[in-house]
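Some notes on the structure that comes next.
In what follows, chains are A, B, ... by sequence order, proteins preceding strands, each numbered from 1. Only a predicted model underlies this, so the values are computations on that prediction, with no experimental measurement involved.
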Amino acid sequence: MKSIAELEKIQRESLTKVNIRRIKQGKNTIGSEESFNTEDGVRSHVLVCAGTGCTSSKSLEILKKLEKEIEKYNLKDEIKIVKTGCFGFCEAGPIIVVYPEGTFYSHIKVEDVEKITEEHLLNGNIVKDLLFKGSIKEDEIVPINEVDFYKKQKRMALRNCGLINPEDVKEYIALDGYKALAKALSEMTPEEVIEEVKNSGLRGRGGGGFPTGLKWGFTANAVDDEKYVACNADEGDPGAFMDRSILEGDPHSLIEAMAIAGYAVGAELGYVYVRAEYPIAVERLQIAIDQAREIELLGKNIFGTDFNFDMEIRLGAGAFVCGEETALINSIEGKRGMPRPRPPFPANKGIFNKPTLLNNVETYANVPEIILKGAEWFANIGTERSKGTKVFALGGKINNTGLLEVPMGTTLRDVIYEVGGGIPKNKDFKAVQTGGPSGGCIPSDYLDTAIDYDNLIELGSMMGSGGMIVMDEDNCMVDIARFFLDFTVEESCGKCTPCREGTKRMLELLDKITSGEGEMEDIDKLESLANTIKSSSLCGLGQTAPNPVLSTLKYFRHEYEAHVKEKTCPAGNCQDLLTYFITDGCKGCTLCAKACPVNAISGKTKTQHIINTEICIKCGACMEKCPFDAIIKK
Amino acid sequence: MISLIIDGKQVQVEEGKTVLEAAKSIGIDIPTLCHDPRLKPHGSCRICVVEIEGAKSGLTTSCTAPVSEGMNVSTESEKVVNARRDILDLMLANHPLDCMTCQQAGKCTLQDLCYKYDVKESSFKGDKKKFEIDDSNNFYYSDQEKCILCGKCVYVCSELQCTNAINFSERGFDTHIAAPFEEKLETSTCVSCGNCVSVCPVGALVPKSKEKFRYWETKPVRTTCSYCGVGCQMDLLVKYDKVVEVQPAMGPSNEGLLCVKGKFAFNFVNHPDRLKTPLLKKDGEFVEITWDEAYNVIAEKMNSTKENFGPDSIAGLTSARCTNEENYLMQKLMRAVIGTNNADHCARL
Ligand SMILES: Cc1cc2nc3c(=O)[nH]c(=O)nc-3n(C[C@H](O)[C@H](O)[C@H](O)COP(=O)(O)O)c2cc1C
Ligand code: SF4
Ligand code: SF4
Ligand code: SF4
């Protein structure tokens with residue numbers, strides 16, 4: 001693209017493509033009424049989620065069926081089907097949203113498509129049975145953005161996810177895409193761009209929370225004949241998928257941001273390191289790169305300036321440690337993914353020993369907005385030291401599993417109870433684990449903590465990449481710690497002693513405790529070993545691996561002690577420590593006795609049965625069968 | 001120059017030096033297992049951790065930390081010593097404790113450090129790694145059960161020897177050193193230089209020794225390798241006048257490296273068939289003579305041959321085992337003294 005006028009022309013032409021969807025969202029900077037014109041004759045857009053979650057529950061088949069139905073009723077000119085990225089509300093998937101009403105259909109099956117087409121698209125009547133339950137409020141149907149899950153959210157990094165077709169650059173441009181790049185190249189010096197990012201207060205979303213503008217400054221100041229920008233899209237935290245969603249739903253925002261970063265630090269090549277397990281993300285990012293090249297938003301002399309920029313994708317083989325920046329750099333260079341000592345930092349010696357700016361996908365996704373709307377606008381959102389929003393992947397014992405974006409400073413309680421819809425079956429909240437496998441568990445006393453980088457660290461946890469796993473009364477905290485340790489033991493790269501050998505010994509100690517073999521000194525040993533690993537490991541993986549243990553020891557030590565002293569698991573979770581009992585609720589129906597695979601249950605019909613605990617293998621088959629809930633484990 | 005304080009002592013070193021180097025310059029020895037000044041610092045073993053006042057997180061490895069102005073370093077604080085003990089404890093937990101019969105005893109850094117920090121045995125009882133000894137190479141064994149994964153062998157092979165025969169295989173607790181695809185060393189690209197063997201701090205890579213000996217029974221004799229003209233410096237480890245092993249030394253031309261011959265092919269030194277004096281055939285039998293006798297015979301024969309048949313009837317052939325200077329002298333002898341251009345060298349044959 002040789003000029004900004006060209007970009008503005010494409011935006012004007014493309015706005016009609018997305019306007020139907022914009023009406024409810026009120027997304028525009030152009031603002032005048034006529035800019036809300038829609039394509040001639042098109043009266044409705046049907047958005048089908050094609051993120052990884054919905055795709056795996058057959059949303060692509062739904063899409064095909066929908067296309068057939070539209071054809072059948074000859075609605076092709078009136079109704080447009082849009083394949084989008086993830087809506088974030090995976091619990092409700094597969095998701096279909098119909099605009100302009102913003103009707104939110106959830107849990108859609110292929111068989112439902114006919115009904116939606118016939119009743120809604122043809123006859124204009126919303127299919128109430130297929131609506132997301134929460135979109136009926138006081139007998140009124142509310143549009144998707146007023147549903148509780150979305151209402152409290154502030155979607156900045158995810159601004160276009162689930163709203164545009166990620167495989168059409170024009171839809172991105174319609175919603176102000178590439179305008180920030182145009183602004184940076186035409187109105188700002190590289191120093192001003194960096195200043196803007198600094199003033200915004202943006203901090204790294206990849207885990208560390210390092211001030212992004214500072215890092216850009218370091219890379220810009222490093223002197224060398226060549227520099228690189230790189231994006232960390234390795235996203236190894238189990239359960240986290242914010243980066244994947246951005247790549248799948250809005251890949252151009254990353255391309256635009258990396259080009260801006262390239263301009264700011266003086267780099268002409270950007271590497272995106274994505275794990276190969278993200279095939280849809282890789283495919284869409286490649287399509288986006290190709291499209292950007294085609295309209296010359298990547299390449300030589302972008303917007304007619306002397307700035308050149310291009311991008312390449314590098315696939316990772318799915319090692320958690322390759323998300324660590326120096327291991328990632330080794331991996332990009334074709335070496336074994338093992339961390340390097342720092343200093344030297346990537347800003348001075350990164351990929352091929354050249355100054356390299358490395359940021360996370362979500363970090364980058366915020367940049368175009370900051371450049372376009374200004375640092376001050378961004379800095380007004382969030383807390384004193386953590387600005388903007390953060391995307392969280394909410395999972396575990398929670399009603400609304402999914403991806404959500406809230407302003408920094410939102411309390412844990414709001415995320416869990418308002419956006420997350422609380423805990424299923426009205427169970428009691430016990431703890432929330434933030435920060436992925438290297439984060440910590442935060443108990444209910446701190447539910448009102450405002451989420452920001454520093455508060456979470458103070459509580460012995462961390463922001464990490466935004467994993468948030470909710471635990472209820474049935475979760476054993478020792479077992480949870482064991483679960484996370486199991487992950488880090490698998491993922492340790494093996495380079496340094498404390499992490500390679502130490503995490504394994506911690507896991508063995510936890511195994512010992514959860515199987516009832518633990519002694520009190522094991523708890524002390526666990527704690528002191530955890531501190532050594534934390535203080536002496538080479539990279540962040542080892543330095544944070546003990547967090548789940550240290551935080552549960554801090555807040556739930558009594559559970560450890562119960563496992564050791566009383567040989568019981570208070571949450572009734574650790575199989576080795578449980579005994580199954582039949583209470584006097586037993587009606588003697590004999591179902592349990594029939595279900596027991598080792599014949600441990602005896603008793604006459606219509607009299608209370610007994611379990612022989614010597615024989616019982618604790619498989620729980622009897623408990624599942626009992627119609628009177630008379631079997632308990634303790 | 002940068003000034004800093006280490007264990008209460010003021011020290012001044014050049015910018016760019018590490019804390020480890022700064023400490024060494026004032027006689028403070030920080031223990032290391034994976035450090036080698038010839039390699040890029042990689043900070044693997046973590047035994048050299050120190051406490052730096054005001055450091056943001058935890059302990060710092062002195063081998064990778066550049067000095068900075070006003071730094072205050074403690075190399076043996078309680079926290080440091082506890083971490084070192086834990087690290088040694090962890091190493092021992094995954095190490096066969098067969099020091100009694102281990103060839104490396106007496107030269108094992110793990111042993112020395114456990115002695116220094118009073119780590120008698122591991123406090124962890126759990127899984128241990130299981131590997132078979134790879135004895136396929138003619139010159140050395142690789143016993144991965146003893147390996148502490150300091151990585152020195154890998155980096156010496158890749159950064160200094162430039163052969164890249166071995167690397168880390170698998171990860172986490174299963175990490176071990178292997179040739180690609182777990183091939184045996186013999187069929188790998190290993191050239192048997194033994195430089196990995198020389199740097200291994202424990203008994204994981206040890207020479208196949210013909211002799212049973214303990215390192216403390218030997219004394220090192222510094223010499224120059226006789227195999228070629230490079231002039232590698234080496235220490236012959238000698239027990240009762242017998243060479244039992246060779247260790248590379250830090251000579252200017254070899255910087256602690258050797259080739260397969262220098263490292264392993266020393267048994268000729270004590271071989272009964274080895275020629276120690278010149279021999280002269282007298283009445284059909286070789287008899288020992290002195291060097292003076294030998295020189296006289298050579299000079300006489302050269303002179304008479306030159307007189308009877310002319311200088312071109314004589315040729316001088318030198319060896320790659322000689323130094324450049326020796327080779328130079330040889331051709332000079334041919335041209336200037338004998339008067340012929342018939343001078344050649346085995347490397348051209
Ligand atoms: C074990 C480990 C895993 C990590 N994984 C990721 C990851 O998957 N994605 C990511 O962006 N950052 C990850 N990080 C953080 C990166 O090292 C790095 O700090 C980050 O990518 C920098 O970008 P930011 O400043 O934009 O956050 C990881 C760090 C560690 C120690
Ligand atoms: S801390 Fe763990 S992952 Fe990091 S370098 Fe050490 S062994 Fe590898
Ligand atoms: S003997 Fe030499 S070539 Fe073979 S593995 Fe060791 S260092 Fe590499
Ligand atoms: S074999 Fe020896 S040198 Fe190689 S990593 Fe193991 S301990 Fe270190």
| query | Hey, which of Val489(A), Leu529(A), Leu509(A), Val321(A) has the most heavy atom pairs under 4.5 Å with chain B? | reply | Leu529(A)

| query | Checking Asn359(A) side chain against Thr212(A) main chain: does a donor-acceptor pair fall under 3.5 Å? | reply | no

| remark: From the list Met338(A), Gln543(A), Glu508(A), Lys534(A), the residue making the most non-hydrogen contacts under 4.5 Å with chain B is Glu508(A)

| For Ser169(B), is it the side chain, the backbone, both, or neither that has a heavy atom closer than 4.5 Å to a heavy atom of chain A? | backbone

| message | Is Lys40(B) close to chain A through its backbone or its side chain, or both, or neither, when contacts mean heavy atoms under 4.5 Å? | response | neither

| Leading residue by heavy atom contact count with chain A [cutoff under 4.5 Å; candidates Gly43(B), Cys63(B), Cys34(B)] | Gly43(B)

| query | Does any N or O in the side chain of Asp7(B) come within less than 3.5 Å of the main-chain N or O of Thr75(B), such that one atom is a donor and the other an acceptor? | reply | yes

| task | Measure up the Phe320(A) and Phe487(A) rings against each other and bin them: parallel (under 30°), tilted (30 to 60°), perpendicular (over 60°). | result | perpendicular

| note | Bottom line for Ser123(B): the part with an atom under 4.5 Å from chain A's heavy atoms is both

| query | Nearest heavy-atom pair of Ala347(A) and Ala222(A): which atoms, and what distance? | reply | O-CB, 3.4 Å

| Under 3.5 Å, side chain of Lys495(A) to main-chain N/O of Gly151(B), donor-acceptor pair present? | no

| request: For Lys152(B) and Asp36(B), run salt bridge (charged side-chain N to carboxylate O under 4.0 Å, His left out): C-alpha distance rounded to whole Å, both residues' side-chain angles, the deciding distance at 0.1 Å, then the answer. | output: CA-CA 8 Å; Lys152(B) 270 201 226 175; Asp36(B) 185 317; 5.2 Å; no

| query | Looking only at heavy atoms, which two atoms of Cys574(A) and Asp479(A) are closest? And how far apart? | reply | SG-CB, 4.2 Å

| request: Against chain A, label Thr175(B) side chain, backbone, both or neither, depending on which of its atoms sit under 4.5 Å from a heavy atom there. | output: side chain

| query | For Phe124(B), is the NZ or CZ atom of Lys504(A) found under 6.0 angstrom from the centre of its six-membered ring and inside 45 degrees of the ring axis? | reply | no

| field | Ring geometry between Tyr155(B) and His42(B) (parallel below 30°, tilted from 30 to 60°, perpendicular above 60°) | value | tilted

| What's the shortest heavy-atom distance between Arg500(A) and Thr503(A), and which atoms? | O-OG1, 4.1 Å

| remark: Heavy-atom closest pair (Ala317(A) atom, Tyr273(A) atom, distance to 0.1 Å) is N-OH, 4.3 Å

| How about Ser551(A) and Ser461(A): does a side-chain donor come under 3.5 Å of a side-chain acceptor? | no

| field | chain B contact via Ser537(A) - which portion, at a heavy-atom distance below 4.5 Å | value | backbone

| message | Sub-4.5 Å heavy-atom contacts with chain A: which residues of residues 77-97 of chain B show up? | response | Ala83(B), Asp86(B), Ile87(B), Leu90(B), Met91(B), Ala93(B), Asn94(B)

| Proximal component of Lys525(A), with respect to chain B [non-hydrogen, under 4.5 Å] | side chain

| remark: Cut-off 4.5 Å, heavy atoms of chain A, and the answer for Ile148(B) is backbone

| When only pairs under 4.5 Å are counted, which of Cys496(A), Cys499(A), Gly502(A) shares the most heavy-atom pairs with chain B? | Cys496(A)

| request: Side chain from CB out, backbone as N, CA, C, O: work out which of these in Arg340(A) comes under 4.5 Å of a heavy atom of chain B, or both, or neither. | output: neither

